Amino acid sequence: SLMCIGFGLMFSFYITNPIRKLASSSLKMSKGDLDVNEIRLEATDEVGILADSFNKMSSSIRQMVNDLREKSQIEKKLHEEEL
């Protein structure tokens, strides 16, 4: 019985740990923290695909925000020069 419980707990942790990492990073991003660490999973199952997609999405969002900041600074300088 104890061995089955121990195996069940280990198996449960193995399955849910990547999902917890993904959920934690998603929550950080939803609160505005765009500097989340890349989720590294060696799994090629559905969770691995989700983690890979999340990493690509967060990278794209960071790049877009940086581009918007740069454009905003350029527009501010142009506006100041016009005045």
Side-chain angles (χ1 to χ4, degrees):
S1 288
L2 291 176
M3 201 166 146
C4 286
I5 291 172
F7 179 72
L9 288 174
M10 286 180 12
F11 183 71
S12 172
F13 181 76
Y14 176 77
I15 296 293
T16 60
N17 192 41
I19 296 170
R20 277 190 236 139
K21 286 181 183 179
L22 187 57
S24 174
S25 293
S26 297
L27 186 60
K28 285 180 184 178
M29 281 196 73
S30 72
K31 291 182 179 180
D33 182 6
L34 299 180
D35 293 324
V36 295
N37 294 329
E38 184 174 310
I39 300 170
R40 299 185 186 266
L41 298 178
E42 295 181 21
T44 56
D45 60 356
E46 292 85 357
V47 177
I49 293 169
L50 281 172
D52 187 47
S53 297
F54 177 82
N55 291 334
K56 289 177 184 176
M57 179 190 68
S58 64
S59 176
S60 294
I61 290 172
R62 276 193 301 273
Q63 184 62 43
M64 287 179 198
V65 168
N66 288 335
D67 289 347
L68 284 172
R69 285 182 184 145
E70 289 175 10
K71 288 177 184 178
S72 173
Q73 290 174 351
I74 291 170
E75 287 180 8
K76 183 179 177 182
K77 286 179 184 178
L78 286 172
H79 182 69
E80 288 173 356
E81 288 177 3
E82 286 179 358
L83 294 177

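All values below come from the heavy atoms of this structure, side chains included, with hydrogens, waters and symmetry mates left out. Predicted, not measured: the structure shown is a model, and the values here were computed from it.
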Enquirer: One pair to check against side chain to side chain donor-acceptor pair (under 3.5 Å): Gln63 and Asp67. What are the steps and the verdict?
Expert: CA-CA 6 Å; Gln63 184 62 43; Asp67 289 347; 2.9 Å; yes

Enquirer: With ILVMFWY side chains joined below 4.5 Å, transitively, what does Ile74's cluster contain besides itself?
Expert: Leu78

Enquirer: May I have all residue pairs that pass salt bridge (Lys or Arg N to Asp or Glu O under 4.0 Å) and include part of residues 74-83, sequence neighbours excluded?
Expert: none

Enquirer: Enumerate the side-chain hydrogen bond (donor to acceptor under 3.5 Å, both in side chains) contacts for residues 24-37, please, sequence neighbours excluded, ordered by first and then second residue.
Expert: none

Enquirer: Members other than Val36 in its cluster, when Ile, Leu, Val, Met, Phe, Trp, Tyr link by side-chain heavy atoms under 4.5 Å?
Expert: Ile19, Leu22, Met29, Leu34, Ile39, Leu41, Val47, Leu50, Phe54, Met57, Ile61, Val65

Enquirer: Report the distance from atom OG of Ser59 to atom CD of Glu38, rounding to the nearest 0.5 Å.
Expert: 8.5 Å

Enquirer: Could you name each residue pair satisfying salt bridge (Lys or Arg N to Asp or Glu O under 4.0 Å) that touches residues 41-62, not counting sequence neighbours?
Expert: Asp52-Lys56

Enquirer: Cut-off 3.5 Å, no hydrogens considered: what does the side-chain donor-acceptor table look like for residues 4-16, sequence neighbours left out?
Expert:
{"residue": "Thr16", "atom": "OG1", "partner": "Ser12", "partner atom": "O", "Å": "2.8"}
{"residue": "Thr16", "atom": "OG1", "partner": "Arg20", "partner atom": "NH2", "Å": "2.6"}

